[in-house]
Amino acid sequence: MTDGARSATPPGLTPREVATHCPYCALQCGMTLRAGDTGVTVHPRQFPTNRGGLCQKGWTAAELLDHPDRLTTPLVRDPATDTLQPASWDTALDRVVAGIRAVQADAGRDAVAVFGGGGLTNEKAYALGKFARIGLRTRHIDYNGRFCMSSAAAAGMRAFGIDRGLPFPLADLGRADTLLLVGANPAETMPPLVRWLTEQRGNGGKLIVVDPRVTATARQADLHLQPLPGTDLAVANALLHIALTEGWVDRAYVAERTTGFDAVRRGVAAWWPARAEQLSGVPVADLEATARALGTGGRVIILTARGAEQHAKGVDTVTAYVNLALALGLPGRDGSGYGCLTGQGNGQGGREHGQKADQLPGYRKIDDPAAREHVAGVWGVPADELPGPGVPAYQLLDALGTPGGPRALLVFGSNPVVSAPRAARIEGRLRDLDLLVVADLLLSETAALADVVLPTAQWAEEDGTMTNLEGRVLRRRALRPPPPDVRTDLAIIAGLAARLAVAEATDTAPAGTAPTTTRTPGTAPAGTALASTRTPGTAPAPAETAGRPEAAVSAGRFPTDPAAVFAELRRASAGGAADYAGISWDRIDADDGVYWPCPTEDGPDTPRLFADRFATPDGRARFHAVDHRPAAEQVCATYPLHFTTGRVLAQYQSGTQTRRVAALRRAAPEAFVELHPDLAARLGIDDGDPVRVTSRRGEFRAPARLSAGIRPDTVFAPFHYAGAERANSVTNDAVDPISGMPEFKICAVRVEKA
């Protein structure tokens with residue numbers, strides 16, 4: 001069977017039963033879906049990442065397929081009532097295309113922007129990047145993965161020449177003699193991974209966790225370091241200082257496989273343990289015990305996650321831990337290495353094929369002439385017509401509706417009203433747009449502001465591929481088609497691209513055509529409601545209508561069949577850092593997934609990177625000297641406490657999906673503010689009291705939760721909730737100068753009883 005003709009049902013399963021993967025985190029646990037008389041049920045299956053385990057989110061994933069809140073028809077905002085009203089696809093797509101053409105005619109191609117998501121399949125991420133660059137011809141595209149993996153990705157690229165979250169199989173964790181987790185809480189964020197931690201400790205290994213809170217993961221650790229948020233880099237430099245002093249650096253490895261160590265050695269000389277203790281609060285004895293376990297263990301793995309990475313110095317912080325791993329000779333050694341825990345379901349694949357502002361498919365740089373020529377050749381356009389680099393996610397969102405910034409935004413699979421830092425500001429930017437279009441399966445807080453909402457298929461209703469945290473490309477399989485008036489993202493992209501192409505070719509849309517109403521800054525969007533028939537100057541009916549000219553445009557440039565899109569993705573990625581050329585759907589099915597890079601169909605894939613060389617021109621890894629610097633915002637008399645955010649077990653990301661699942665809502669119905677009892681006593685706050693958390697940017701309110709497991713100078717809240725409980729109303733929008741990552745994990749606040 002070829003990639004162009006594919007059954008959704010693998011051998012051994014009935015059409016009412018498919019083997020697929022969980023729609024949530026990057027662990028991508030294997031599961032079987034069964035359709036019965038009472039609906040779709042989830043059953044765990046043996047797969048290498050989860051070995052038959054599922055978390056509560058996975059068990060309940062199918063409940064959203066027929067949820068009463070599900071979007072089942074397009075919505076268009078009625079300017080007379082300022083409400084979203086059901087509309088036909090013709091009306092909705094006409095409204096979008098007319099708005100795009102009006103904005104671009106008035107302000108240029110870059111006046112339209114695209115914002116994607118780390119949960120989109122590889123096929124959809126690829127198609128979205130392609131659509132932005134040759135359909136809209138805008139440089140402005142980025143995605144919510146910028147808020148997730150960007151710091152680790154940038155650090156990996158400059159050290160190793162490649163960005164793959166885990167450069168080794170997940171099973172290696174279970175064999176590690178020493179495992180250091182920095183800013184990671186997998187017991188709540190990806191619970192089936194804990195099986196590997198349990199196996200590691202059962203084999204006599206030592207687990208060390210670095211986290212300001214006593215999390216569910218930290219409680220399982222042999223040693224827990226509890227630093228002040230924002231001081232992880234100082235801790236890493238102190239650990240390398242101790243390793244140098246004690247003679248645990250692998251000097252032969254450093255000499256043979258790396259460059260730049262001397263500058264790092266000189267830099268960490270100033271980070272004696274007592275200095276790091278004074279800054280971070282981590283006792284010298286704990287720093288020494290950690291360095292000893294890392295320096296004398298046989299198989300040693302260092303992992304970072306968002307706690308270390310979501311800072312305005314996140315790239316340098318990750319680099320400090322990479323320096324430590326390189327100095328100890330870990331990367332490329334069997335059973336050892338450095339890695340990071342990817343968060344979103346396709347956080348890895350989503351950034352490899354064109355959603356990032358500066359990238360083309362295959363993890364190519366958009367300003368590389370050779371990369372532009374290759375991808376343009378696959379797309380059938382001149383290389384000089386491809387736009388240049390855009391700007392990172394927060395910079396893009398913050399420019400919306402401002403002079404010179406984008407005036408229209410298309411959002412696929414993201415909810416920045418809840419997930420962006422300084423969220424009230426971003427909400428205001430969205431309201432200032434001339435046109436906001438959101439494609440989603442539920443009416444998220446962002447979709448509620450839109451001029452046009454396009455209902456999309458869910459994970460169990462479409463085929464495709466995902467790339468998990470190991471760089472393993474997996475198959476997502478459809479159990480059933482989407483509801484009658486719901487389309488896949490690929491069909492939406494194809495329909496928009498076709499209408500735009502036909503409109504341009506026939507030049508029927510007069511320059512300057514504008515929506516009949518515009519938004520007043522600071523108010524809800526007031527888009528245009530179109531009649532059921534086309535108005536002059538708009539594009540014809542959608543590409544899905546057989547026999548119309550745009551059907552040919554869609555089939556040629558933007559296929560709606562995910563197998564065809566993946567075949568094109570393979571060609572576009574060939575020769576790039578993330579090379580999928582040798583990965584076919586058949587091979588994925590046969591091998592429980594395929595690890596990239598995999599350049600040829602008959603050649604091996606790459607479960608482990610760096611065995612012989614790194615992905616740099618000379619094959620050597622790069623040390624980079626980095627030094628601690630304070631958080632972008634310091635505490636003061638007015639805002640005397642450090643604030644940090646994170647996840648809870650029963651919720652996921654902005655909560656658009658999980659807050660609608662009854663069992664998950666019962667388990668975690670509302671936000672909370674975690675405070676140390678001593679701090680609470682000073683503030684006159686009891687457990688359960690409503691409290692207000694205020695920063696220089698805004699405030700949110702939630703009940704107090706007292707815990708001796710958090711530092712007395714720090715408060716914590718989960719970021720999954722909206723409205724008055726929106727934690728990102730207070731977070732800092734300072735960004736890392738290299739990665740564009742906002743400083744989610746620390747800002748200055750005050751807390752008071754509400």
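A distance-only check finds a donor-acceptor pair linking the side chain of Gln200 to the backbone of Lys206 [under 3.5 Å]. With hydrogens and angles ignored, the 3.5 Å screen pairs a side-chain donor or acceptor of Gln348 with a backbone N or O of Gly165. Not one N or O on the side chain of Glu256 forms a donor-acceptor pair closer than 3.5 Å with the backbone of Arg620. Using a distance-only test at 3.5 Å, with no hydrogens or angles considered, a donor-acceptor pair links the side chain of Tyr321 to the main chain of Asp232. Arg587 places a side-chain N or O within donor-acceptor distance of the main-chain N or O of Gly582, the cut-off being under 3.5 Å. Not a single donor-acceptor pair under 3.5 Å links the side chain of Gln310 to the backbone N or O of Lys745.
Leu474 CG to Asn468 CG: the interatomic distance, rounded to the nearest 0.5 Å, is 5.0 Å. Distance check, rounded to the nearest 0.5 Å: CZ of Arg45 to CE of Met31 gives 9.0 Å. Taken to the nearest 0.5 Å, the CZ atom of Arg472 stands 13.0 Å off from the OG1 atom of Thr606. Annotation: the span from Thr342 atom OG1 to Met149 atom CE amounts to 3.5 Å, rounded to 0.5 Å. Here the OG1-CG distance, from Thr290 to Asp222, works out to 10.5 Å after rounding to the nearest 0.5 Å. Taking CZ of Phe623 as the start and CG of Asn323 as the end, the distance is 6.0 Å to the nearest 0.5 Å.
Gln651 has its side chain out of reach of Pro718: every pair of non-hydrogen atoms, C-beta onward, lies at least 4.5 Å apart. Annotation: side chain of Leu179 is in contact with side chain of Leu303 (closest heavy-atom distance under 4.5 Å). Between Arg195 and Arg51 there is a side-chain heavy-atom pair separated by less than 4.5 Å. Taking the side chain as every heavy atom from C-beta outward, Pro361 and Tyr580 never approach each other to under 4.5 Å. Proximity of Ile583 to Asp605: side-chain heavy atoms (C-beta onward) are nowhere separated by under 4.5 Å. Contact check for Asn237 versus His628: no side-chain heavy atoms found under the 4.5 Å cut-off. Using a 4.5 Å heavy-atom threshold, the side chains of Phe168 and Leu173 count as touching.
No side-chain donor-acceptor contact under 3.5 Å links Arg476 and Thr121. Side-chain atoms of Gln344 and Asn144 form a donor-acceptor pair, as typed in the model, at a separation below 3.5 Å. With hydrogens and angles left out, the side-chain atoms of Thr49 and Gln28 include no donor and acceptor closer than 3.5 Å. Looking at Tyr24 and Thr658, their side chains never bring a donor and an acceptor atom within 3.5 Å of each other. Between the side chains of Thr467 and Asn122, at least one donor N or O sits under 3.5 Å from an acceptor N or O. Checking His224 against Arg213 by side-chain atom types alone, no donor-acceptor pair falls below 3.5 Å.
With a 6.0 Å radius and a threshold of 12 heavy atoms from other residues, nucleotides or ligands, Gln278 has its CD atom at or below the threshold. Residue Asp618 qualifies as enclosed at atom CG: its count of foreign heavy atoms under 6.0 Å is above 12. Dense packing is recorded around CZ of Arg275, with more than 12 heavy atoms of other residues, nucleotides or ligands lying under 6.0 Å away.
In plain terms, the two heavy atoms of Lys57 and Ala650 that are nearest each other are CG-O, 4.1 Å. Here the closest non-hydrogen pair linking Ala578 and Trp596 is CA-CE3, 3.5 Å.
Taking the six-membered ring for Trp, Phe147 and Phe744 have ring centres closer than 6.0 Å.
Classification of the Phe614-Phe160 ring pair by plane angle, with boundaries at 30° and 60°, yields parallel.
When each of Val315, Asp316, Val318 is tested with Ser739 by the rule side-chain contact (heavy atoms from CB on, under 4.5 Å), just one qualifies, namely Val315.
Taking the charged nitrogens against the carboxylate oxygens, Arg175 and Asp334 do have a contact shorter than 4.0 Å, which makes a salt bridge.
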